[in-house]
Amino acid sequence: MIGTRILAYDKISSTNELLKSSKLSLPSGSVVWALEQTSGRGRFGRYWHSPKGGLWFSVLFKHRTRSVQLHYYVILFSVTIVKFLQKLKIEAKVKWPNDIYAKNRKLAGVLAEGKTHGESAEIIVGVGMNVNNEIPPELREKAVNLKELVGHEMSLATVLDEVISQANSLYLRYMVKDKQRYLVRIWKRHQLFTPGSKLRVRVGLEEEKEAVLIDVEPNMLVLDFGRGPEKCTSVEVVHWEVAA
Ligand code: BTN
């Protein structure tokens with residue numbers, strides 16, 4: 001069960017890092033929650049601004065397996081957030097692979113990391129959501145907080161509780177019964193990018209290229225750069241025009 005133990009902190013470096021380095025020998029499903037992170041991290045190791053007022057937490061999963069498919073954990077929490085927002089009458093979309101967008105601005109991000117030792121694996125899934133934290137003026141066109149979407153501040157404890165309970169029901173329904181394909185089907189229905197969308201993607205550190213989206217898969221985008229379909233796993237979409 002997710003949330004069997006919840007460890008709450010005022011200020012730590014990063015909830016993902018704490019779980020990774022944790023000598024606390026926590027059970028699977030444990031949650032680390034921080035009101036503030038000093039070294040929050042996002043995809044590609046980028047700094048993740050995590051001031052007071054936002055929701056910053058990570059979940060630990062422990063499994064007896066040699067192979068870990070991290071993308072299913074990103075999908076689990078992406079669908080969780082989309083469904084949590086639906087209950088608040090907010091329509092949200094998943095920007096492949098790990099962002100949640102509302103009103104065309106980023107509300108939340110998910111970061112899954114894993115390590116295997118022999119027959120067992122540890123997966124750490126971090127979730128960051130702008131809730132009551134102010135969005136800096138220079139980011140207001142690109143990022144949004146929940147306070148603006150619902151029109152009032154939200155209790156972080158309540159949001160965490162509801163997100164955990166939503167994650168639990170999806171986890172028990174799709175992840176422990178090997179039914180991830182059904183979860184992927186739901187996830188696919190909430191994609192920001194539709195087939196035919198024109199994307200500008202960053203490949204590697206510098207190069208940006210234009211492409212047309214053919215398909216979104218859990219661990220890849222299928223893109224056409226003008227030479228037919230290509231499978232792309234490690235690209236970042238920096239600009240997009242969504243096909244109707
Ligand atoms: C992204 O959009 O690149 C993913 C951002 C994930 C941020 C969360 S906040 C809680 C957890 N701790 C971290 O250091 N990162 C994740």
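Counting convention: from 1, in listed order, for ligands and their atoms alike. One is the number of the first residue; the rest follow in order along the sequence. Computation of the quantities below employed the complete heavy-atom set of this structure, encompassing side-chain atoms and omitting hydrogens, waters and symmetry-equivalent molecules.
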Should the proximity of [X] to ligand 1, defined as any heavy atom under 4.0 Å, be assigned to the side chain, the backbone, both, or neither?
| X | result |
| --- | --- |
| Phe57 | backbone |
| Gln37 | side chain |
| Val110 | backbone |

When the aromatic ring centroids of Trp240 and Tyr101 are compared, is their separation below 6.0 Å? yes
To atom 1 (C) of ligand 1, the nearest of Ile12, Leu111, Asn16, Asn98 on a heavy-atom basis is Asn98
Closest to atom 2 (O) of ligand 1 (heavy atoms only, candidates Met129, Lys106, Arg43) is Lys106
I want to know if ligand 1 touches Ser14 in the polar sense, i.e. an N/O pair below 3.5 angstrom. yes
Tell me whether [X] is salt-bridged to [Y], with the criterion being a basic N under 4.0 Å from an acidic carboxylate O.
| X | Y | value |
| --- | --- | --- |
| Glu119 | Arg64 | no |
| Arg140 | Glu148 | no |
| Lys147 | Glu134 | yes |

Any idea how Tyr47 and His49 line up, ring-wise: parallel (<30°), tilted (30 to 60°), or perpendicular (>60°)? tilted
Tell me whether the rings of Tyr174 and Tyr182 are parallel (<30°), tilted (30 to 60°) or perpendicular (>60°). tilted
Go through ligand 1 atom by atom and flag the ones less than 4.0 Å from a non-hydrogen atom of [X].
| X | answer |
| --- | --- |
| Asp99 | 2 (O) |
| Gly42 | 1 (C), 3 (O), 4 (C), 5 (C) |
| Gly40 | 14 (O) |
| Ser58 | 11 (C) |

Ignoring hydrogens and angles, state whether a donor on the side chain of Thr233 or Asn219 is under 3.5 Å from an acceptor on the partner side chain. no
Which heavy atom of the protein is the closest neighbour of atom 11 (C) of ligand 1, given with residue, atom name and distance? Thr15 OG1, 3.2 Å
The closest protein heavy-atom partner of atom 15 (N) of ligand 1 is Arg41 O, 2.7 Å
hydrophobic_cluster_shared for Val110 and Ile90, side chain cutoff 4.5 Å: yes
